[in-house]
Amino acid sequence: MAAWCSGESTKPVFVGIYGAVLGGFAVSALFFLLSSFSSLSVPPLPLPLPLPTTPAAAANLSRPAPARPETMYSRPIWKPPPRGSRMPSPRAFRLTRDMVAARARGGVIVVTFGNYAFLDFILTWVRHLTGLGVDNLLVGAMDTKLLRELYLRGVPVFDMGSRMATEDAGWGSPTFHKMGREKVLLINALLPFGYELLMCDTDMVWLKNPLPYLARYPDADLLTSSDQVIPTVTDDSLENWREVTGAFNIGIFHWRPTEPSKRLAKDWKDLVLSDDKLWDQNAFNDLVHKVFGQPVEGQGDLVYSYDGKLKLGVLPASIFCSGHTYFVQGMYKQLHLEPYGVHTTFQYAGTEGKRHRLREAMLFFDQPSYYDSPGGFLSFKPNIPKSLLLDGAHTVESHFALVNYQLKQIRTALAIASLLKRTLVMPPLWCRLDRMWFGHPGVMEGTMTRQPFLCPMDHVFEVHVMLKDLPKEEFGPHIDFREYSFLENPSLPREVKESLLEVQLCDDHSSRCSAVNRTDEHKPLLIPRNSTEEKLLNIFSSYKSVKIIQFPSMVDAFGGFADAVVETKFRNRVKRYVGLWCCAEFREIGHIYYDMYWDEKPGWKPHPPETREQDHPPWS
């Protein structure tokens with residue numbers, strides 16, 4: 001880890017912790033020196049420059065230019081460096097008090113960090129904040145590739161000296177734990193500068209300026225988010241800490257530079273550095289609960305914790321949302337509150353699942369190419385009988401009956417999308433039961449989860465597997481897909497949205513079922529039910545320029561592939577697309593695997609595996 005330095009000194013702060021600092025900076029220096037001999041060419045932004053969406057944002061972004069010369073830390077966010085300028089030296093990107101002072105507003109700095117694998121998350125994070133009028137932010141770069149990209153895009157960035165690889169760090173991996181330790185070191189580096197610190201993970205977004213809310217609790221040394229899924233309050237006040245059972249989550253927390261918080265940060269650093277397998281969040285929770293339970297006099301929503309002197313408050317999970325309270329419960333909606341932010345926790349498909357959840361909620365900013373697939377799109381409106389969706393008790397059996405009915409239609413849609421070389425827009429997915437990592441009675445007692453509910457795609461599908469480049473020789477061609485809200489996204493170009501062909505299914509022998517004689521472009525295209533591969537290719541060959549083909553349902557829409565080899569490869573692919581439900585109570589093995597071809601197995605029942613030998617996906 002590279003040293004952090006103050007404005008008064010460039011000496012390393014953590015020399016005793018990392019002996020390889022000089023080697024790391026030598027590599028960094030070489031990179032920048034090579035860059036500096038050539039003029040910078042600013043690449044086009046992958047995201048359009050954000051426009052102010054609130055009066056506060058307009059005021060912030062139209063602030064008069066400072067009297068002193070503009071620097072990379074005083075210039076407006078999203079303003080790239082002048083064309084032809086050279087890359088600043090590595091020293092210019094080292095974290096200093098002066099750097100923080102240039103970006104802080106009202107004594108507060110908002111910080112996130114990551115490596116190049118999270119570039120699109122970071123740009124989304126920054127864009128949400130600047131759209132809210134919040135520009136007192138900094139981003140820590142854990143590799144030089146990310147640092148350069150952010151600098152060229154006008155995002156205030158500093159070098160963490162981490163020398164991390166640019167690839168994604170999977171949850172629980174050694175790299176994941178290294179990132180956690182880097183966060184703890186970063187907090188220890190920032191607090192002595194004397195500014196309040198709102199530290200955020202990159203896999204969250206802000207929906208409302210949180211700074212006025214945090215200012216409501218000036219006596220709190222620390223305000224932290226949590227994994228609480230049961231509401232303890234129904235308004236926008238802090239959680240009732242006496243009733244909080246979920247772990248404190250360090251993806252969103254606000255530190256004041258007080259002596260108790262500095263002591264906590266130091267002890268936390270010492271603890272995580274003593275054991276490279278220790279999860280930083282567990283260490284934080286253990287320290288905070290060393291002393292816990294005495295309310296702060298006159299401020300009952302704060303509690304003395306850690307050393308008995310640190311005053312802690314728990315941010316309400318209804319508006320500082322987790323992946324469960326936002327995407328599953330919709331707690332803020334039911335309580336008629338405005339959410340401040342959402343952290344993509346409680347999901348089951350890694351980084352790809354986090355990205356997809358934000359896309360489903362239309363909170364992720366993608367490049368323009370994402371909204372205009374070369375082959376066009378295929379969508380359908382799922383036809384779900386009321387009896388499957390609403391009737392009867394919410395049981396494992398009724399949940400699987402509902403999901404399986406949808407799986408069969410999605411399987412057909414994937415086949416047609418593959419055949420026509422189009423990108424499938426996934427339908428909304430309905431569930432009767434929640435998914436967790438442990439046994440539960442369907443939904444967790446005390447939560448506000450409604451049944452049935454619109455469940456995130458990663459509850460059923462292995463989103464990360466669907467995005468993999470599986471070998472064509474075994475799995476056939478890749479099938480691209482989009483989130484269910486894709487066609488409603490404001491970023492979808494008008495020319496794509498208006499290039500729409502509606503399809504209706506009809507009986508082959510019906511007199512009105514004449515797909516080849518469509519004379520009115522404003523009427524739906526009629527195609528026979530259970531059409532063959534040849535017929536579908538023939539019908540839609542005339543509509544390759546149409547951007548969106550929309551089916552009313554996928555029930556009996558396709559009669560099957562003509563080539564057995566093609567079908568085998570398709571089956572190999574889509575069998576791996578589905579995951580499992582978890583978990584039945586009071587069982588050693590409580591999960592149940594979804595099966596894309598459940599309907600081909602007479603007597604199929606949703607039962608957990610009886611033995612370890614039986615505990616495997618149906619395709620293995």
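Worth saying up front: this structure is predicted, and the values here are computed from it rather than measured. The first residue of the sequence shown is numbered 1, and numbering continues consecutively from there.
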Is there a side-chain contact between [X] and [Y], using heavy atoms and a 4.5 Å cut-off?
X: Leu123; Y: Phe365; value: no
X: Tyr484; Y: Leu429; value: no
X: Leu433; Y: Gln451; value: yes
X: Tyr577; Y: Leu414; value: yes
X: Tyr348; Y: Trp437; value: yes
X: Leu378; Y: Thr423; value: no
X: Ser491; Y: Tyr370; value: no
X: Met426; Y: Glu360; value: no

With rounding to the nearest 0.5 Å, note down the distance linking [atom1] in [X] to [atom2] in [Y].
X: His343; Y: Met204; atom1: NE2; atom2: CE; answer: 7.5 Å
X: Ile592; Y: Leu580; atom1: CD1; atom2: CG; answer: 9.5 Å
X: Cys455; Y: Trp581; atom1: SG; atom2: CH2; answer: 13.0 Å
X: Ser553; Y: Lys381; atom1: OG; atom2: NZ; answer: 11.5 Å
X: Leu407; Y: Tyr597; atom1: CG; atom2: OH; answer: 11.5 Å
X: Thr412; Y: Asp556; atom1: OG1; atom2: CG; answer: 8.5 Å

I'd like to know if the side chain of Gln550 and the backbone of Glu502 have a donor-acceptor N/O pair within less than 3.5 Å.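 Not a single qualifying donor-acceptor pair exists.
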
Short side-chain to backbone donor-acceptor contact, Ser499 and Val496, under 3.5 Å: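 Checked: no pair found.
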
Tell me whether [X] is salt-bridged to [Y], with the criterion being a basic N under 4.0 Å from an acidic carboxylate O.
X: Glu567; Y: Arg571; answer: yes
X: Asp201; Y: Lys354; answer: no
X: Asp507; Y: Arg529; answer: yes

Any donor-acceptor pair under 3.5 Å linking the side-chain atoms of Tyr593 with those of Asp615?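 Short answer, yes.
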
Sequence-distant partners of Cys582, disulfide bond (SG atoms under 2.5 Å apart), two or more places apart: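 Cys582: no disulfide bond (SG atoms under 2.5 Å apart) contacts found.
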
State, to 0.1 Å, how close Met362 and Ser485 come at their nearest heavy-atom pair, and which atoms those are.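 Answer, listing the atom of Met362 first, then Ser485: CG-OG, 3.7 Å.
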
Which heavy atom of His399 sits nearest a heavy atom of Cys431, and at what distance?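 Where His399 meets Cys431 most closely, the heavy atoms are CE1-CB, 3.7 Å.
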
Qualifying salt bridge (Lys or Arg N to Asp or Glu O under 4.0 Å) pairs, either residue in residues 478-496, two or more places apart: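 Of all non-adjacent pairs touching residues 478-496, those that pass salt bridge (Lys or Arg N to Asp or Glu O under 4.0 Å) are Asp480-Arg482, Arg494-Glu498.
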
Report the relative orientation of the aromatic rings in Phe486 and Phe377; use parallel for angles under 30°, tilted for 30 to 60°, perpendicular for over 60°.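 Correct class here is tilted.
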
Parallel, tilted or perpendicular for Trp604 and Phe400, by the 30°/60° rule?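 Rings of Trp604 and Phe400: tilted, as their planes differ by 30° to 60°.
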
By side chain to side chain contact (heavy atoms under 4.5 Å, CB included), which residues pair with Thr395, not counting sequence neighbours?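 Residues passing side chain to side chain contact (heavy atoms under 4.5 Å, CB included) with Thr395: Ala393, Glu397, Ser398.
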
How would you list all residue pairs meeting side chain to side chain donor-acceptor pair (under 3.5 Å) that involve residues 453-474, not counting sequence neighbours?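 Passing the test, one end in residues 453-474: Arg357-Asp458.
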
Salt bridge (charged side-chain N to carboxylate O under 4.0 Å, His left out) against Lys547, all qualifying residues, sequence neighbours excluded: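 Residues passing salt bridge (charged side-chain N to carboxylate O under 4.0 Å, His left out) with Lys547: Asp372.
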
Atom pairs and distances, side-chain donor-acceptor, residues 319-331, under 3.5 Å, sequence neighbours left out:
| unit_1 | atom_1 | unit_2 | atom_2 | d |
| --- | --- | --- | --- | --- |
| Ser322 | OG | His324 | N | 3.2 |
| Ser322 | OG | Thr325 | N | 3.2 |
| Ser322 | OG | Thr325 | OG1 | 3.4 |
| His324 | ND1 | Gln329 | NE2 | 3.0 |
| His324 | NE2 | Asp434 | OD2 | 2.6 |
| Thr325 | OG1 | Ala317 | O | 2.9 |
| Thr325 | OG1 | Ser322 | N | 3.0 |
| Gln329 | OE1 | Met448 | N | 2.7 |
| Gln329 | NE2 | Val229 | O | 2.9 |

Test ring pair (Phe, Tyr, Trp, His ring centres under 6.0 Å) on Trp430 and His394; report intermediate values, then the result. CA-CA 13 Å; Trp430 288 93; His394 299 292; over 10 Å; no

